[in-house]
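The block underneath contains the structure these notes are about, expressed in structure tokens.
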There are 2 protein chains.
Amino acid sequence: MQHRPARLTDVALRAGVSPATASRVLNPSNRGVKDANRARVLAAAEELGYTTNIAAQAVARGRTTGVTLLLRVMPDDYANPIVAGVVDAVRNEGLPISLVVAGPQTKDIIDAVHIARGQRTQILMTTGGRRTDDKDLPALVDALQRYEAEGGRVVLISQEGLPFDTVTYANKQGAHDLAVSLVELGYRDFAILAGFANGMTQRDRTQGFLEGLGESGVSLSADRIVTGEFDRDAAYAATGDLLRRGIPIDAIFAVNDAMALGALTFLRDAGARGTGIGVAGFDDIKSLRDVTPALTTVHLPWDDVAAEALDLALSERVDGPRLRVVHGHVVIRESTPRRG
Amino acid sequence: MQHRPARLTDVALRAGVSPATASRVLNPSNRGVKDANRARVLAAAEELGYTTNIAAQAVARGRTTGVTLLLRVMPDDYANPIVAGVVDAVRNEGLPISLVVAGPQTKDIIDAVHIARGQRTQILMTTGGRRTDDKDLPALVDALQRYEAEGGRVVLISQEGLPFDTVTYANKQGAHDLAVSLVELGYRDFAILAGFANGMTQRDRTQGFLEGLGESGVSLSADRIVTGEFDRDAAYAATGDLLRRGIPIDAIFAVNDAMALGALTFLRDAGARGTGIGVAGFDDIKSLRDVTPALTTVHLPWDDVAAEALDLALSERVDGPRLRVVHGHVVIRESTPRRG
DNA sequence: CTGTTAGCGCGTTCAA
DNA sequence: TTGAACGCGCTAACAG
């Protein structure tokens, strides 16, 4: 039952040409073969069910085409739609893409980079937030630099400040604009679910929100900023703690939609909606469609992010690393009705 | 700046041994090297930042380790958590896994299978429903059989009836049990959002539900079964059409949660919840947590599905293809309160 | 336009 | 326990 795969040699033999010629027709890059021969090779390949051995091709060429998208964890329901956007964009370009779920630790990512090195893959994109206290960061940078030194291209998505081409979103500005909008709507007593303190994205969004508040003449005391490694469920609990403290609050800003959903659900469960506490998030993830009340948030144009990333990967890099910033915009929905 | 990757030869040279010896120590499979030499090779590899060229290894060995998970589309918010389950299970086993998003058409899948063949990958898992009217199915089966004939292992998830190892869920039984439960709760006038008519999963769930109804002494006329290629949004619209027809309905069964969410949202938007129409789905996807009222559904143990799939892939196959069926169970929630 | 030749980097006999 | 030699399947350089 075990059947040896057909090799290029087999095809050539059957077509009555040399392996080189067979290679030329099977390889779109190499033109210049008589139509008759071309046809015979194609026919032979078809009959034999030939598939080019990509591994061997990679060895001979020294490099494979295609992009590897490196993820820390499998994107769940609340993850940014960024992954889907990148996959579509790359596929539309006709390039093969494969996702690698490395693991939560930076060490896991580093391992995956080395594997990608070993595969002699062409483009490596990676996404996911960075933490300011990451001790393994230098090692990661080293691995990525090796990857590039050996001929690969690296594109980082969402993590600014590393010496590689990267595309980020304007976290600060988006949160700033959101704050201004909320104040305009009449909110004054804010609380912030700020996520874990060492996350760069979380930090920028918190900071931007505070700046927006400041410009609007609204202040916010430190005890209204709640930090912690929050996912949706933890945000649910944190909202409860917050209210129990008895501080007057008329609006909660969560630094991402997942956490905002947790807050929203808590308020609903607690029957506290009558108190009129507004909730706003950040990202505009798809799951928001099924939620009541509809969540006010900052919409991020994920497809643009993906397009920029791909453009960076495919265009020649002249000088140093390039940075592309994608801007979002505030979307006011029912979760923050006009107040007063 | 362009730097040639370190080769095995480089490591051997630096360690003062032959490439063969170096290969032996870097290859856990080959034992029997003096400790001193082993240490020198390891040190040299470290110093040179050596990464084994996986492509070359694949050529030499004739096959790579690792599993490829083939998907039609990028799993979105409503997709089965099956992908995440498989990824985790495989990673826990220490095997590299990569996801390939092939495209919606069966032809796309076939292409991807051939690419996997070309990569000489070891295990190929694929998921996603099958349609009864798929003209390209024979070609797909052919491609998969080739893959296996050449030494790979194929595991199908969710699509029963093809000559490969497969794991499915008990769609019929789950829907059957759900119907029985709903009748017990007092519902009598059902409608079914049956999805597209040629989907095998959809068909089984519809049929199982009808059988359960029958056993409970409840009948359902054909005009209450709505078919169509429904996603969440289309289900939303279809629910509207259904109600506009004026048929008395006290419960809607949608063959998956995504569609059930659409129905639920329509009822809520239409203010029709007062009419007491119950809604039930199938799958128990995560997004349900944020929905009000909580959705009654059939819970599927996704982790078990993944575990079974991996077990099939890693265990020796003795005779023909094996089939493993995973059972779900009904979960009654607020969307179907006791009636009468 | 085509065939010959020579590698690509690694695993694996087979002797030593 | 080790090394020399060969082969994996394919591409690329060079003649013709």
Side-chain angles (χ1 to χ4, degrees), chain A residues 2-41 44-45 48-65 114-115 117-122 150-151, chain B residues 2-41 44-45 48-65 114-115 117-122 150-151:
Chain A
Q2 198 79 336
H3 194 273
R4 243 217 328 61
R7 295 157 304 173
L8 185 60
T9 318
D10 302 326
V11 174
L13 217 63
R14 185 173 237 270
V17 300
S18 74
T21 303
S23 172
R24 285 190 260 261
V25 2
L26 264 8
N27 241 300
S29 59
N30 278 309
R31 320 222 79 261
V33 176
K34 220 169 34 175
D35 280 1
N37 279 345
R38 165 179 308 279
R40 316 188 65 188
V41 170
L48 263 38
Y50 172 75
T51 300
T52 134
N53 184 325
I54 298 182
Q57 200 173 57
V59 175
R61 286 219 260 248
R63 191 146 291 282
T64 342
T65 69
H114 286 312
I115 292 180
R117 273 215 300 146
Q119 283 170 160
R120 301 292 184 269
T121 195
Q122 191 183 193
E150 292 170 5
Chain B
Q2 197 79 337
H3 195 271
R4 246 220 322 64
R7 296 156 304 172
L8 185 58
T9 317
D10 302 326
V11 175
L13 218 62
R14 184 173 239 270
V17 300
S18 75
T21 304
S23 172
R24 285 189 260 261
V25 2
L26 263 8
N27 243 298
S29 59
N30 279 311
R31 320 220 81 264
V33 177
K34 225 172 25 179
D35 279 1
N37 279 345
R38 164 179 310 280
R40 318 187 62 188
V41 170
L48 263 38
Y50 172 75
T51 300
T52 134
N53 183 326
I54 298 182
Q57 199 174 58
V59 176
R61 286 218 261 248
R63 191 146 290 283
T64 342
T65 68
H114 287 312
I115 292 180
R117 274 214 300 145
Q119 285 172 158
R120 301 292 184 269
T121 195
Q122 192 182 192
E150 293 170 5

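In what follows, chains carry the letters A, B, and so on, assigned in the order in which the sequence lines appear, proteins first and then strands, with residues in each chain numbered from 1.
The two residues B/Q122 and B/T65 make their nearest non-hydrogen contact at NE2-CA, 3.1 Å. When all heavy atoms are compared, the tightest approach of B/R120 to A/T51 is NH2-O, 4.5 Å. Of all non-hydrogen atoms in A/A12 and A/A22, the two that sit nearest each other are CB-CB, 4.0 Å.
Atoms CG (B/D10) and C1' (C/dC10) sit 13 Å apart, rounded to a whole Å. Distance CZ (A/R120) to C1' (C/dC10): 11 Å, rounded to an integer number of Å. Residue B/L48 contributes atom CG, which lies 11 Å from atom P of C/dC10 at whole-angstrom precision. Atom CZ of B/R117 is separated from atom C1' of D/dG9 by 15 Å (rounded to the nearest Å). What separates CZ of A/R63 from C1' of C/dG9 is a distance of 14 Å, to the nearest Å. Atom CZ of B/R4 is separated from atom C1' of C/dG7 by 13 Å (rounded to the nearest Å). If you measure from atom CD of A/E150 to atom C1' of C/dG9, you get 13 Å, rounded to the nearest angstrom. As rounded to whole Å, 13 Å separates atom C1' of D/dG9 from atom CG of A/N27.
Taking five base pairs at each end of the helix from C/dC1-D/dG16 to C/dA16-D/dT1, the local helix axes there meet at an angle of 30°, rounded to 10°.
The side-chain heavy atoms of B/V41 and B/V17, taken from C-beta on, include a pair separated by under 4.5 Å. The closest side-chain heavy-atom distance from A/R24 to A/R38 is not below 4.5 Å.
The listed nucleotides are D/dC10, D/dG9, C/dG11; the one nearest the side chain of B/L8 is C/dG11. Comparing D/dA12, C/dG9, C/dG7 against the side chain of A/R61 picks out D/dA12 as the nearest.
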**Report entry** side chain to side chain contact (heavy atoms under 4.5 Å, CB included) between A/T52 and A/L26, intermediate numbers included
**Finding:** CA-CA 8 Å; A/T52 134; A/L26 264 8; 5.8 Å; no
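Under 4.0 angstrom from either OP1 or OP2 of C/dC10 there lies at least one side-chain N or O belonging to B/Y50. Of the side-chain N and O atoms in B/N53, none sit less than 4.0 angstrom from OP1 or OP2 of C/dC8. Phosphate contact (OP1/OP2 of C/dG11, side-chain N/O of B/S23, threshold under 4.0 Å): present. Side-chain nitrogen and oxygen atoms of B/Q57 include at least one within less than 4.0 Å of the OP1 or OP2 phosphate oxygen of C/dG11.
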Detail all sub-3.5 Å separations between protein N/O atoms and N/O atoms belonging to nucleotides 2-5 of chain D.
from	atom 1	to	atom 2	distance (Å)
D/dT2	OP1	B/N37	ND2	2.2
D/dT2	OP2	B/K34	N	2.9
D/dG3	OP2	B/S18	N	3.0
D/dG3	OP2	B/S18	OG	3.1
D/dG3	OP2	B/T21	OG1	2.7
D/dG3	N7	B/R24	NH2	2.7

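Under a 3.5 Å cut-off, the side chain of B/T64 and the backbone N or O of B/Q119 do form a donor-acceptor pair. Remark: side-chain polar atoms of A/R63 are not paired, donor with acceptor, to backbone N or O of A/A58 under 3.5 angstrom.
In this structure, A/N37 has no side-chain hydrogen bond (donor to acceptor under 3.5 Å, both in side chains) partners at least two apart in sequence or on a different chain.
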